[in-house]
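Worth knowing before you read on, the calculation uses all heavy atoms, side chains too, and leaves out hydrogens, waters and symmetry mates. Below, chains carry the letters A, B, ... as their sequence lines are ordered, and counting in each starts from 1.
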Amino acid sequence: MAKAYDFKAIEKKWQEIWDDVQCFKAETGSEKPKAYYLIEFPYPSGQGLHVGHPRPYTALDIVSRMKRMQGHNVLFPIGWDAFGLPTENYAIKTGIHPAIITKNNIEHFKQQLKSLGYSFDWSREVNTTDPGYYKWTQWIFLQLFKAGLAYKKEFPINFCTSCKVGLANEEVVNGVCERCGGEVIRKTKNQWMLKITEYAQRLLDDLDNVNFIERVKTQQSNWIGRSEGADVDFHLNGHNDALSVYTTRPDTMFGATYMVISPEHPFVDKYKDYIKNFEEVNAYRAATEKKSDFERTEMAKDKTGVKLEGLNAVNPANNKIIPIYISDYVLMSYGTGAIMAVPGHDERDWDFAKAFNLPIIEVVKGGDVAVGAYTDCEKGVLVNSGMLNGLSVDEAIAKMIAWLEEKNLGKKRVNFKLRDWVFSRQRYWGEPIPLVYCEKCGWVPIDESELPLLLPHTDNFIPTESGESPLANLKDWINTTCPKCGGAAERETDTMPQWAGSSWYFIRYIDPDNDEAMASDEAMNYWMPVDWYNGGMEHTTLHLLYSRFWHKFLYDKGYVNTSEPYAKRTSHGMILGENNEKMSKSRGNVINPDEIVLEYGADTLRTYEMFIGDFEKAAPWSMNGVKGVKRFLDRVYRMQEFVAGGDEYSQDMMTAMHKAIQKVTYDYENLKANTAIATLMSLVNDFYNKNQINKAEIKTFLMLLNPSAPHITEEIWKNLGFKGYLHNAPWPKYDEAKLIDDVIQIPVQINGKLRGVIDADKDATQEEIKQIIIENKNISAFLEGKTVVKEIYVPGKIYTIVVK
RNA sequence: GCCGGAGUGGCGGAAUCGGCAGACGCUCAGGACUUAAAAUCCUGUGGGAGCAUUCUCGUGCGGGUUCAAGUCCCGCCUCCGGCACCA
């Protein structure tokens, strides 16, 4: 009688052994084929590990462990994305310095991750708050700055009134702060911006060259939001000046009956002396300014606006004089901040025209513009449009653009929804921006030899009331000399956003201690690109796009050797509470992974998280499901009690074993560990039914289960006296010829209905099978008195007879 | 509104190329062991009919293709995710 399954002792023991023998270290330059698997490094929050974390980690740990057994040199690294708001907010609340909080949180996370037995190469651990790390984050920023891709701009930004910090558009979700849920208002700030828009086309095009799951590609391409159209000049009547608009429908220009410009448009001030109702216009402008983007876009679908009395434009298509309005439905941040309004064929313009009683002209036939805008580009035919009459929409667009370009009135243009990346944070806990401002020289980068520019220590890390960074209070630190002219200069007090450190961490993993470069060429050539990156859908439009942008920039400058950082991207579903709702403290449905490890063990937690369901979909937690997996591992452990000798699989298990190897191998590699585990559970049921498992069978079984439940399998491996460590045993192989039983079951259908299942030799001919069917009275009864019309035999699968 | 994804037992889910729908697990019911309970083991578990060999219906809804449809085609419905006054 073997001893009971003492998972606590077993797991502790094997984690120590793995640490001692350093078996998961990746070797740069190894002869073995390389495999770089990446999970999103965690933000070490005060809450500790969530049961959501182990789902993707375990999935790629399984692949890593299997690939090592298959002879690959696997890099499976881990690190900490440790700068950022939650830590800083907690520091402000408690008065504890963020550096200390970060250190403690990392320690806690590390201990938790270690308890789960992941095969991380801990010697390559990175930490974005480590000066040795952020030296290179700053260095990359300097390269961007030197390349003219970083610029400072007065910009109305989203400002969280609770965090007192500027947010990127991506961080505002449904009008509130993504992190704290606080109210977001518009505030003009002088911000550092990164020109990601210069890479928009390439970020879109190169999606064709990478193996990303479809929904990631679509979301990225939606976010980039490419459109084709034209910039068109509308001359101001009586002025030697033109209002430039962007339109995707130049074909409808003859239907443009008025123009609308954004309240922030510079023409409002430029022509204020000509605008007779400037007071009214200004009042509208002031009212708009007070609104948040949320109020402007989500709340107010009703059209408002003011006519600019005394200022008119000329429609270049027909030379008609048309009025100009300001309205908040036109956004300064898209296109040119001005539009030509075609109420007949644009719903927003139609609504506005109705509200202000403006003329609506039909220029594309097919609908009824009295009832609503007609926007079908497929079927419409141009009317009331001079030279365009009779053309389809596509033909008219081409002809109009050609005409505009010829007359020098406009130009074809591609436009993107993607906007430049707001890179400044008025916060303490981030990488200092390594620039100084000199009255004489302007913004000057500090010398690269000065990097890292250390984040100065201060106990006053509370944001200032004006919304400046706490660094603004540190006069000694701010005051410096200009690297260019030697005169007095001041340091930038904004810090970088959390997205900075995570935009390149996968590069640092390949050579984490290099002080001369982000990583050596040798490491770069050996490891890049990342073969497989798994992460959450919530990072599809932010982190993934930003890091692809940085990587492309570094590639252009020759600092990295691939134009895309990640060859493959997959995504995991969320783990929900038992009540099918998102896990949260307030809902009281949070499961703590530590408690599961304590009560059931790490192997149970890992295996359960894989067994919970389809990896890509959200799945509710089930404590009974956890118990079911624990029961399975108990049964595995007890199999030791009936192990028999045998160097070969026993005859009755031959097919099942080979099939299991095939299926489990395929499943692990394709994020289908749930069915791999189901297969292994079936095997265990078979062994229990026989009350026996032989040495050859349990050897293979342990190897197959090892990636998912590494501790228990190593332990049994050793108990049974098998050689060496299981984690570097060679992955089992299956024999194609042994995937089919000698005797197979063939279902027999008559007129599409299943009438029986017969046993036949696996190589039996159709005639032989037919004979067996005729001899089977239950089945042949259905053939009596009927004429056989058709017979189909799909070898090994099904036998179908059609009768009349 | 636009773009993706998905609808299968009481539940999580499986069915990899059009070939036995419901693997595996949970739940539940019955039984064994036990003084008893827990644990463990065994049996059953989509609906309906029947003592039963069995028959019949069944993968969101309505059609279609096929010897054969969860899977392919056409038309809908619902849910989830992303984007959205983007000109």
Residues [X] and [Y]: side-chain donor-acceptor under 3.5 angstrom:
| X | Y | answer |
| --- | --- | --- |
| N685(A) | R635(A) | yes |
| R226(A) | Q201(A) | yes |
| N589(A) | E578(A) | no |
| S244(A) | T336(A) | no |
| T252(A) | R249(A) | no |
| T570(A) | N534(A) | yes |
| D420(A) | T197(A) | yes |

Given RNA chain B, 5'-ward residue of the pair G625(A) and M537(A), judged by closest heavy atom: G625(A)
If you check every side-chain atom of [X], which of [options] has the closest atom?
| X | options | result |
| --- | --- | --- |
| Q749(A) | rA87(B), rG19(B), rG25(B) | rG19(B) |
| R638(A) | rC67(B), rG81(B), rU40(B) | rU40(B) |
| K753(A) | rC67(B), rU56(B), rG19(B) | rU56(B) |
| M681(A) | rC24(B), rC20(B), rC86(B) | rC24(B) |
| S227(A) | rC83(B), rA87(B), rG12(B) | rA87(B) |
| D328(A) | rC24(B), rU40(B), rC85(B) | rC85(B) |
| D667(A) | rC24(B), rC85(B), rU16(B) | rU16(B) |
| A678(A) | rG19(B), rC24(B), rC85(B) | rC24(B) |
| T675(A) | rG19(B), rU27(B), rA14(B) | rA14(B) |

- request: Evaluate the ring planes of F356(A) and Y325(A), with Trp represented by its six-membered ring, and classify them as parallel (under 30°), tilted (30 to 60°) or perpendicular (over 60°).
  value: perpendicular
Separation of atom [atom1] in [X] from atom [atom2] in [N], rounded to whole Å:
| X | N | atom1 | atom2 | result |
| --- | --- | --- | --- | --- |
| H572(A) | rC80(B) | NE2 | P | 21 Å |
| F687(A) | rC24(B) | CZ | C1' | 16 Å |
| L545(A) | rG82(B) | CG | C1' | 14 Å |
| R413(A) | rC86(B) | CZ | C1' | 12 Å |
| I798(A) | rG19(B) | CD1 | C1' | 4 Å |
| R419(A) | rC83(B) | CZ | P | 13 Å |

Looking at every strand, decide which applies to [X] at a 4.0 Å heavy-atom threshold: base, sugar-phosphate, or nothing.
| X | value |
| --- | --- |
| T800(A) | base |
| Y258(A) | nothing |
| K797(A) | sugar-phosphate |
| A618(A) | sugar-phosphate |
| D349(A) | nothing |
| V802(A) | sugar-phosphate |
| G225(A) | nothing |
| I792(A) | base |

Collect all protein-nucleotide pairs involving nucleotides 3-6 of chain B in which both atoms are nitrogen or oxygen and the distance is under 3.5 Å.
none

- request: For residues F7(A) and Y600(A), establish whether the separation of their ring centroids is below 6.0 Å.
  value: no
Tell me whether the OP1 or OP2 atom of [N] has a side-chain N or O from [X] closer than 4.0 Å.
| X | N | result |
| --- | --- | --- |
| R631(A) | rU40(B) | yes |
| N674(A) | rA14(B) | yes |
| R755(A) | rC67(B) | no |
| Y666(A) | rU16(B) | no |
| T541(A) | rC83(B) | no |

query: Given Y329(A), which of T304(A), D351(A), I339(A) fulfils the side-chain contact (heavy atoms from CB on, under 4.5 Å) condition?
result: I339(A)
message: Using the rule side-chain contact (heavy atoms from CB on, under 4.5 Å), only one of E40(A), Q219(A), Q220(A), H539(A) pairs with L544(A); which is it?
response: Q220(A)
query: Hey, where does RNA chain B pair up into stems, meaning at least three consecutive Watson-Crick or G-U pairs with distances under 3.5 Å?
result: B:1-7 with B:77-83, B:10-12 with B:24-26, B:28-32 with B:40-44, B:46-49 with B:54-57, B:60-64 with B:72-76
Side-chain contact test, heavy atoms from C-beta onward, threshold under 4.5 Å: evaluate it for [X] versus [Y] and give yes or no.
| X | Y | answer |
| --- | --- | --- |
| C377(A) | H345(A) | no |
| I798(A) | Q749(A) | yes |
| Y793(A) | I769(A) | yes |
| I575(A) | E609(A) | yes |
| I213(A) | S571(A) | yes |
| D251(A) | M400(A) | no |

Which atoms of nucleotides 8-10 of chain B (N or O only) lie under 3.5 Å from a protein N or O atom, and what are those distances?
none

Protein N or O to nucleotides 28-34 of chain B N or O, pairs below 3.5 Å:
none

task: Going by the salt bridge (Lys or Arg N to Asp or Glu O under 4.0 Å) test, name the single residue among R631(A), K630(A), R638(A) that passes it with D634(A).
output: K630(A)
task: Using the P atoms only, state how far rU66(B) lies from rG13(B), rounded to an integer number of Å.
output: 36 Å
Identify the pairs formed between an N or O of the protein and an N or O of nucleotides 42-53 of chain B at a distance under 3.5 Å, and give each distance.
none

- prompt: Does any donor-acceptor pair link the side chain of K303(A) with the base of rC85(B) at a separation under 3.5 Å?
  reply: yes
field: Donor-acceptor pair present, K663(A) side chain and rU16(B) base, under 3.5 Å
entry: yes
statement: Glycosidic torsion of rC57(B) (syn if within 90° of 0, anti otherwise) classifies it as anti
message: Taking syn as a glycosidic torsion within 90° of 0 and anything else as anti, which one is rG9(B)?
response: syn
field: K417(A): side chain to side chain contact (heavy atoms under 4.5 Å, CB included) partners, not counting sequence neighbours
entry: Y334(A)
message: Which heavy atom of I779(A) sits nearest to which heavy atom of I758(A), and what is that distance?
response: CD1-CG2, 3.7 Å
